[in-house]
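Below, chains carry the letters A, B, ... as their sequence lines are ordered, and counting in each starts from 1. Hydrogens, waters and symmetry mates are skipped; everything else that's a heavy atom, side chains included, is used.
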Amino acid sequence: DAKTTQPTSMDCAEGRAANLPCNHSTISGNEYVYWYRQIHSQGPQYIIHGLKNNETNEMASLIITEDRKSSTLILPHATLRDTAVYYCIVRGTDSWGKLQFGAGTQVVVTP
Amino acid sequence: SAVISQKPSRDICQRGTSLTIQCQVDSQVTMMFWYRQQPGQSLTLIATANQGSEATYESGFVIDKFPISRPNLTFSTLTVSNMSPEDSSIYLCSVTCAETYEQYFGPGTRLTVT
């Protein structure tokens, strides 16, 4: 599976959109981009995933560039409960459950 | 979605002893996975547990140290054997939903070895 690069940390004001970037320049054609987050002392929580089209669900939006070498997770209206470590992971369909977690981005939402 | 529970939620154990962690899922799943998260670190996959076959271990993890059982499609156990302080970590159980490719994690078991 391709590796990903994320900023170590970022701050976001409550109520504003949080845009979390991720680089995955070695991604291959059959690999998906997944986002998870881990709130302190809890197990990781699935947020969203996509292949090449932009995706949106009740939690977030995922924007994948046309060349698929990078993506952005958007939390439209950040709340204090969104403070967590966010992981961008690239995974092929033949890698069931074998998620390779990087260091992730520590997001702190401030009042 | 899948709801996963783990027991115990946390434990403090003495060096040289063993601890068995249980993972229960509210639906039948083909594959279950065990991850480890050392203090201040990210998650690392320990092994994949399929029902009816031996677990498959990732590089750096061996069956003698982390024996796994998978007696049915909703349950698995991970044993941390002959523990040392370096085994102090959070151990997490995970499953994949075959239809959606979403992966779910349990709340984790926080292990401290003294």
#### Entry: Heavy-atom contact with chain A under 4.5 Å, split by part of B:Leu43
both
### Query
Do you reckon A:Met10 sits in the same ILVMFWY cluster as A:Ile48, going by side-chain contacts under 4.5 Å, direct or chained?
yes
### Atom of A:Gly102, atom of B:Ser42 and distance for their closest heavy-atom approach
O-OG, 2.6 Å
### Connected via hydrophobic side-chain network under 4.5 Å: B:Phe75 and B:Leu78
no
### Query
Cluster question for you: counting only ILVMFWY and a side-chain heavy-atom cut-off of under 4.5 Å, with indirect links fine, are A:Ile47 and A:Leu80 together?
yes
### Message
Would you compute the distance between atom CD of B:Gln37 and atom CD of A:Gln38 and round it to the nearest 0.5 angstrom?
### Response
4.0 Å
### Residue A:Gln45 versus chain B: region with a heavy atom under 4.5 Å
neither
### Query
Distance from B:Tyr35 atom OH to A:Phe101 atom CZ, nearest 0.5 Å?
5.5 Å
### Query
Within a strict 4.5 Å, meaning less than it, do heavy atoms of the A:Gln100 and B:Leu45 side chains meet?
no
### A:Leu99 vs B:Phe105 side-chain heavy atoms within contact, under 4.5 Å
yes
### Message
With a 4.5 Å cut-off on side-chain heavy-atom distances among I, L, V, M, F, W and Y, is there a chain of contacts connecting B:Met32 to B:Tyr57?
### Response
no
### Query
Of all heavy-atom pairs between B:Leu92 and A:Pro44, which one has the smallest distance, and what is that distance?
CD2-CD, 3.8 Å
### Task
State plainly whether one hydrophobic cluster holds both A:Ile64 and A:Val90, where clusters connect Ile, Leu, Val, Met, Phe, Trp and Tyr through side-chain heavy atoms under 4.5 angstrom apart.
yes
### Query
Out of A:Tyr34, A:Tyr32, A:Tyr46, which one racks up the most heavy-atom pairs below 4.5 Å with chain B?
A:Tyr46
### Task
Taking all non-hydrogen atoms of both residues into account, name the closest pair between B:Phe33 and A:Lys98 and its distance.
CE2-N, 4.5 Å
### Message
If you count every heavy atom of other residues, nucleotides or ligands that lies below 6.0 Å from B:Ile12 atom CD1, does the total exceed 12?
### Response
no
